[in-house]
Amino acid sequence: MEALIQDLTLTYAIKNNAIPILKEQKDVIEIVRRTVVESINHSPESGKQLSFQTNCKSYNIAIDEKWLVRILQNLIMNAIIHNPPHTNIEVGVMGNNEKLEIYVKDNGVGMKEEAIPQLFTKYFRGTNTDASPHGTGLGMSIAGQLVQLLGGLIVVNSKEKVGTTITITFKVEEGVQYK
């Protein structure tokens, strides 16, 4: 019940432009890596294989770490909760001097094509949620709205019985630091 109240409060704040966005130069690679490790530690019994991939050692951009972590937690937990044991979940960061992409990819159950456009709609819980009572139906809506507030784009590719890839793209400004 507490999670539902927090999610409802956050969606209301987002809708009314009442959440502060505090962008600071941060290493996105480290933020994502840490979030993956925390996700593994919080769901060791899930039977999922969670991995992290990147094409660079560090990637510093102006980002609000709190909200980026919240987005990642929502995407990773959806992949964990809504897929069967032995699903492989890969979280990755790919960057260059023009854009930064963060993705969560799984080889799980996937989604029906008609579910994809509704994925970021409040209270939409997808097609395979009968198996899991977890979630408020707000997590993906929150993730999508937060990505937009941070200046990014979120795209979903999914196919039933093949898996799902959710990619967040941020165009970067001149002077990005990565190696």
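This chain uses plain numbering: 1 for the first residue, then up along the sequence.
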Original post:
Got L149 and W67 here, is their nearest side-chain heavy-atom distance under 4.5 Å?
Top reply: no

Original post:
How would you list, by chain and number, every residue that makes a side-chain contact (heavy atoms from CB on, under 4.5 Å) with N157, sequence neighbours excluded?
Top reply: V155

Original post:
So, do Q49 and H86 sit near enough that their side-chain heavy atoms are less than 4.5 Å apart?
Top reply: no

**OP:** Specify the closest pair of heavy atoms between V172 and N97, including all atoms of both residues, with the distance to one decimal.
**Re:** CG2-O, 3.4 Å

Original post:
Which pairs count as salt bridge (Lys or Arg N to Asp or Glu O under 4.0 Å) when at least one residue sits in residues 137-156, sequence neighbours excluded?
Top reply: none

Subject >> Test salt bridge (charged side-chain N to carboxylate O under 4.0 Å, His left out) applied to K159 - qualifying residues, sequence neighbours left out >> reply: none

Original post:
With sequence neighbours left out, what residues match R34 under side-chain contact (heavy atoms from CB on, under 4.5 Å)?
Top reply: E30, I31, E38, E65

Subject >> Other ILVMFWY residues reachable from Y103 by side-chain steps of under 4.5 Å >> reply: M94

Subject >> 4.5 Å side-chain heavy-atom contact, M140 and L75 >> reply: yes

Original post:
Can you find a pair of side-chain heavy atoms, one from F170 and one from I102, that are under 4.5 Å apart?
Top reply: yes

**OP:** Could you tell me which non-hydrogen atom of A79 sits nearest to which non-hydrogen atom of D106, and how far apart they are?
**Re:** CB-OD2, 4.0 Å

**OP:** Using the test side-chain contact (heavy atoms from CB on, under 4.5 Å), find all partners of V147 that sit at least two apart in sequence or belong to another chain.
**Re:** I71, I154, I168

Original post:
Side-chain contact, heavy-atom cut-off 4.5 Å: V109 with H82?
Top reply: no

Original post:
What is the distance from atom OG1 of T167 to atom NZ of K105, rounded to the nearest 0.5 Å?
Top reply: 9.0 Å

Original post:
Near K48 NZ, under 6.0 Å, is it more than 12 heavy atoms from other residues, nucleotides or ligands?
Top reply: yes

Original post:
Do I29 and C56 come within less than 4.5 Å of each other through their side chains, counting heavy atoms only?
Top reply: yes

Original post:
Which pair of non-hydrogen atoms, one from N55 and one from G95, has the smallest distance, and what is that distance?
Top reply: OD1-N, 3.0 Å

Original post:
Where do N74 and G139 come nearest, in terms of heavy atoms and distance?
Top reply: ND2-O, 2.8 Å

Original post:
Would a distance-only check, ignoring hydrogens and angles, find a side-chain to backbone donor-acceptor pair under 3.5 Å from N107 to N88?
Top reply: yes

Original post:
From E98 CD over to T169 OG1, what is the distance, rounded to the nearest 0.5 angstrom?
Top reply: 12.5 Å

Original post:
Just by distance, do the side chain of D27 and the backbone of Y59 share a donor-acceptor pair under 3.5 Å?
Top reply: yes

Original post:
Do I19 and L146 come close enough that some side-chain heavy atom pair is under 4.5 Å?
Top reply: yes

**OP:** Any chance you could measure L50, atom CG, to I76, atom CD1, to the nearest 0.5 Å?
**Re:** 6.0 Å

**OP:** Determine the minimum heavy-atom distance between D64 and P20, stating which atoms define it.
**Re:** OD2-O, 3.7 Å

Original post:
Is there a donor-acceptor contact under 3.5 Å from the side chain of S158 to the main chain of G163?
Top reply: yes

**OP:** Indicate if I63 and I21 have the same hydrophobic cluster label, given that clusters are the connected sets of ILVMFWY residues with side-chain heavy-atom separations under 4.5 angstrom.
**Re:** yes

Original post:
What distance separates L72 CG from R33 CZ, expressed to the nearest 0.5 Å?
Top reply: 13.0 Å

